[in-house]
Q: 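After the structure tokens below, expect a handful of questions from me.
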Amino acid sequence: MKNSTLMLKIVVTLLACRAVQAIEISGVITSTLNVAEDSWLTGDVACRVQGGPCLRVTASNITLWLNGFTMTGLADPPAGCLPKIGNIIDHGISITGQRRVEVFGPGLIQKFPGWGIELRGTTRSTVRDVTVSGCCASGIQLIAAANDNVVEGVVSERNGSTEFPCGGICLSNANGNRLRRNIVSGNGYAVMDVVNFGIALLGTSRGNTIIDNTGVGNVNGIFLQPNTLENLIHRNIFSGNAPIQIPVSLPEFQGFDIRNQAPEGANNILDNVCLSYSGAGRSPCPSVIRP
């Protein structure tokens with residue numbers, strides 16, 4: 001009994017310390033705010049930061065709650081998107097080199113010159129139930145060994161770039177991640193030499209699971225680059241990619257529900273609802289029966 005009482009006191013003390021360290025976020029932010037403890041939005045945020053992210057997570061094992069509020073940046077695509085977007089670091093939330101970070105919605109992240117949420121070299125972290133809209137680059141970007149993360153229940157819409165591959169949710173040199181029950185819609189521009197998408201596996205991304213997602217009205221539904229390997233694309237709905245107005249306004253452009261540049265058999269594309277396919281091997285489309 002004494003040991004149990006002592007353990008209870010320790011737990012209560014730790015929880016109290018954790019609560020004291022938490023910060024509340026709202027209002028206008030003019031320089032990057034470093035987040036190193038559990039934090040939450042208590043109101044809408046207007047980000048006026050240039051040359052850096054609005055929020056930068058600088059510690060592992062913490063949670064950021066959006067609490068139904070909105071973070072708004074300085075862009076409004078296509079207006080407000082700077083040239084040479086590949087060099088821009090004006091993201092909504094940047095998480096670099098951390099572990100077990102959680103970003104929970106509901107909440108809206110919109111109109112950032114860079115990515116809405118960046119996970120760079122971050123592992124075992126979760127982004128859940130967040131909406132990302134109107135960012136000049138991808139809505140959510142996992143990059144540079146961002147491994148073993150979960151992106152779930154996210155809506156990513158109307159994001160994209162004319163400068164380099166961009167879209168709703170992008171995995172670039174990222175491995176072992178799980179994307180499930182997300183909706184990507186209306187992402188990307190019809191640019192002949194740039195592939196935009198709803199979801200993409202770029203670089204050497206390997207061993208990721210893309211399951212139970214919906215991609216509608218993007219320039220391409222899902223895009224796989226040549227060196228992607230052993231990824232599972234299963235039980236998704238990719239339909240209406242590209243929307244009909246794109247080939248009408250730009251007849252030479254072709255978009256696909258699934259655009260696969262990897263060799264035949266390099267990835268597992270199984271039981272998806274889709275109509276159009278570009279890539280090696282036997283086409284998995286059309287497939288119109290809900291798996």
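Keep in mind the model is a prediction, meaning the values are calculated, not measured. Basis for what follows: all heavy atoms, side chains included, without hydrogens, waters or symmetry-related copies.
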Q: Whether the side chain of Glu152 engages the backbone of Arg128 through a donor-acceptor N/O pair (distance < 3.5 Å, no angle test) should be reported.
A: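 Between the backbone of Arg128 and the side chain of Glu152 there is no qualifying donor-acceptor contact (under 3.5 Å).
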Q: Answer yes or no: is there a side-chain heavy-atom contact under 4.5 Å between Gln141 and Ser172?
A: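 Yes, close enough: below the 4.5 Å cut-off.
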Q: Check whether any side-chain N or O of Asn149 sits under 3.5 Å from a backbone N or O of Arg124 as a donor-acceptor pair, and report yes or no.
A: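 At least one qualifying donor-acceptor pair exists.
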Q: Set out, in order, the CA-CA distance, both residues' side-chain angles and the distance that settles side chain to side chain contact (heavy atoms under 4.5 Å, CB included) for Asn260 and Tyr277, then state yes or no.
A: CA-CA 8 Å; Asn260 179 20; Tyr277 175 80; 3.2 Å; yes
Q: Is Leu74 reachable from Leu33 through a run of I, L, V, M, F, W or Y residues, each pair having side-chain heavy atoms under 4.5 Å apart?
A: no
Q: CZ of Arg206 to CD of Glu230: how many Å apart, nearest 0.5 Å?
A: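 So the CZ of Arg206 and the CD of Glu230 are separated by 4.0 Å.
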Q: More than 12 heavy atoms of other residues, nucleotides or ligands under 6.0 Å from CD of Gln254: is that the case?
A: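 No, not enclosed.
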Q: Can you tell whether the side chains of Arg235 and Asp271 come within less than 4.0 Å, N to carboxylate O?
A: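 No, no charged N to carboxylate O under 4.0 Å.
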Q: Any non-hydrogen side-chain atom of Phe223 less than 4.5 Å from a side-chain atom of Gln225?
A: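 In contact.
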Q: Roughly how far apart are Leu275 CG and Asp257 CG, rounded to 0.5 Å?
A: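 Answer for the CG-CG pair, Leu275 versus Asp257, is 5.5 Å.
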Q: Does a donor on one side chain sit under 3.5 Å from an acceptor on the other, for Ser185 and Glu157?
A: no
Q: Please say which of Leu179, Leu224, Asn268, Ile211 ends up in a side chain to side chain contact (heavy atoms under 4.5 Å, CB included) with Ile233.
A: Leu224
Q: Roughly how far, to the nearest 0.5 Å, is the CG atom of Asn208 from the CG atom of Leu232?
A: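 Interatomic distance, Leu232 CG to Asn208 CG, rounded to 0.5 Å: 10.0 Å.
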Q: Side chain to side chain contact (heavy atoms under 4.5 Å, CB included) for Ile29 and Val49? Distances and angles first, verdict last.
A: CA-CA 7 Å; Ile29 296 178; Val49 181; 4.0 Å; yes
Q: Between the main-chain N or O of Gly52 and the side-chain N or O of Asp90, is there a donor-acceptor pair closer than 3.5 Å?
A: yes
Q: Quick one: closest heavy-atom pair of Pro113 and Ala75, and the distance?
A: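 Where Pro113 meets Ala75 most closely, the heavy atoms are N-CB, 3.8 Å.
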Q: Could you verify whether a donor N or O on one side chain and an acceptor N or O on the other, from Ser133 and Gln110, lie under 3.5 Å apart?
A: no
Q: Is the closest side-chain heavy-atom distance between Ile199 and Asn218 below 4.5 Å?
A: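 Not touching, per the 4.5 Å side-chain cut-off.
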Q: Any donor and acceptor pair, going by atom type alone, linking the side chain of Asn241 with main-chain N or O of Gly217 inside 3.5 Å?
A: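 Checking the backbone N and O of Gly217 against the side chain of Asn241, a donor-acceptor pair under 3.5 Å is found.
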Q: Give the cluster check for Leu41 versus Val127: same hydrophobic cluster or not, with ILVMFWY residues linked at side-chain heavy-atom distances below 4.5 Å.
A: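 Result: yes, single cluster for both.
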Q: Is a side-chain N or O of Asp44 found less than 3.5 angstrom from the main chain of Thr70, in a donor-acceptor match?
A: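 Present.
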Q: Do the side chains of Phe256 and Cys274 get nearer than 4.5 Å, heavy atoms only?
A: no
Q: Kindly check if the number of other-residue, nucleotide or ligand heavy atoms within 6.0 Å of CZ (Arg158) is above 12?
A: no
Q: Do Asn177 and Val151 come within less than 4.5 Å of each other through their side chains, counting heavy atoms only?
A: no
Q: I'd like to know if the side chain of Asn220 reaches the main chain of Asn196, judged simply by a donor and an acceptor atom lying under 3.5 Å from each other, with no hydrogens or angles considered.
A: yes
Q: Can any side-chain N or O of Ser138 pair as donor or acceptor with the backbone N or O of Gly167 at less than 3.5 Å?
A: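 It does hold such a pair.
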Q: Could you walk me through whether Arg100 and Ser60 pass the side chain to side chain contact (heavy atoms under 4.5 Å, CB included) check?
A: CA-CA 6 Å; Arg100 300 187 185 279; Ser60 297; 5.8 Å; no
Q: Please determine whether residues Ile169 and Val132 belong to a single hydrophobic cluster, defined as Ile, Leu, Val, Met, Phe, Trp and Tyr linked transitively by side-chain heavy-atom distances below 4.5 Å.
A: yes
Q: Would you check if the side chain of Asn231 reaches a backbone N or O of Ser205 as a donor-acceptor pair within less than 3.5 Å?
A: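 Between the backbone of Ser205 and the side chain of Asn231 there is a qualifying donor-acceptor contact (under 3.5 Å).
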Q: Decide whether Asn159 and Asn187 meet the rule of one side-chain donor and one side-chain acceptor closer than 3.5 Å.
A: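 There is such a pair (donor and acceptor under 3.5 Å, judged by atom type) between the side chains of Asn159 and Asn187.
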Q: Is a donor on one side and an acceptor on the other found under 3.5 Å between the side chain of Asn213 and the backbone of Asn182?
A: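 Here the side-chain-to-backbone pair exists.
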Q: Any chance you could measure Thr209, atom OG1, to Arg178, atom CZ, to the nearest 0.5 Å?
A: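 Separation between the atoms: 7.5 Å.
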Q: Can you confirm whether the side chains of Gln98 and Thr122 place a donor and an acceptor under 3.5 Å from each other?
A: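 Result is no, nothing qualifies.
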Q: Determine whether His91 and Phe112 make a side-chain contact, defined as any pair of heavy atoms from C-beta on separated by less than 4.5 Å.
A: no
Q: So, do Phe253 and Ile246 sit near enough that their side-chain heavy atoms are less than 4.5 Å apart?
A: yes
Q: Can you name the nearest heavy-atom pair linking Asn272 to His234, along with the distance?
A: OD1-C, 3.5 Å
Q: Examine distances only and state if a side-chain atom of Asn267 and a backbone atom of Ala262 form a donor-acceptor pair shorter than 3.5 Å.
A: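 No, the answer is negative, given that no donor and acceptor are paired below the 3.5 Å cut-off.
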Q: Got Cys170 and Trp115 here, is their nearest side-chain heavy-atom distance under 4.5 Å?
A: no
Q: Can you tell me how far the CZ atom of Phe238 sits from the OG atom of Ser287, to the nearest 0.5 Å?
A: 12.0 Å
Q: For residues Ile93 and Ile62: do they belong to one hydrophobic cluster (side chain heavy atoms under 4.5 Å, members Ile, Leu, Val, Met, Phe, Trp, Tyr)?
A: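 Cluster IDs for Ile93 and Ile62 match.
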Q: Can you see whether Asn173 engages Thr204 through a side-chain donor-acceptor pair at a distance of less than 3.5 angstrom?
A: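 Indeed, the side chains of Asn173 and Thr204 share at least one donor-acceptor pair under 3.5 Å.
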Q: So if you build clusters from Ile, Leu, Val, Met, Phe, Trp, Tyr with side-chain heavy-atom gaps below 4.5 Å, do Ile23 and Leu55 land together?
A: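 Yes: a chain of side-chain contacts under 4.5 Å links Ile23 to Leu55.
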Q: What do the steps show when you test Val57 against Val103 for side chain to side chain contact (heavy atoms under 4.5 Å, CB included), and what is the final call?
A: CA-CA 10 Å; Val57 175; Val103 179; 5.7 Å; no
Q: When rounded to the nearest 0.5 angstrom, what is the spacing between CZ in Arg259 and OG in Ser276?
A: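 Answer rounded to 0.5 Å: 10.5 Å.
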